[in-house]
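Any value given below was found using the heavy atoms of this structure, including those in side chains, with hydrogens, waters and symmetry copies removed.
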Amino acid sequence: MTPRKKEVLSAVTATADTRADEPAIELRQKTRSERIPQSARFMLVVLSSLALSAGFFSLTSGDTLGELGDVSRHLEAWWEVGGLTAWKAVEVGLAWILGFDGEFI
């Protein structure tokens with residue numbers, strides 16, 4: 001499992017500079033994404049991934065579905081939409097846990 005970043009409670013993070021004889025402290029502001037709670041970030045990623053998938057599918061459906069577009073299944077009930085959203089959350093959650101979330105630090 002990949003190591004997790006430490007949670008910082010304040011809006012400013014202090015780091016020590018050990019190059020000189022006397023350590024200097026550098027203050028940096030937390031980024032916007034660090035200020036959002038991790039659970040809220042996860043939900044935003046799931047919803048944006050779902051929106052991008054649906055948007056790109058709608059844009060390319062004329063070319064990719066062809067003659068099968070008339071007979072393909074469409075989401076008609078709320079439980080089907082919920083199932084699709086749950087599946088997308090599982091996909092994104094696995095990528096998040098395995099470290100494919102785009103954070104480089």
*Is there a chain of hydrophobic side chains (I, L, V, M, F, W, Y, each step under 4.5 Å between heavy atoms) that links Met43 to Trp96?*
yes
*asked:* For residues Val46 and Leu52: do they belong to one hydrophobic cluster (side chain heavy atoms under 4.5 Å, members Ile, Leu, Val, Met, Phe, Trp, Tyr)?
replied: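 Hydrophobic grouping puts Val46 apart from Leu52.
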Taking only distance into account, with no hydrogens and no angle test, what donor-acceptor pairs under 3.5 Å do side-chain atoms of residues 75-84 form with protein atoms, sequence neighbours excluded?
| unit_1 | atom_1 | unit_2 | atom_2 | d |
| --- | --- | --- | --- | --- |
| Glu80 | OE1 | Glu76 | N | 2.7 |
| Glu80 | OE1 | Ala77 | N | 3.1 |
| Glu80 | OE2 | Arg73 | NH2 | 2.4 |

*Can you list every pair that meets salt bridge (charged side-chain N to carboxylate O under 4.0 Å, His left out) and has a residue in residues 82-93, with sequence neighbours left out?*
Lys88-Glu91
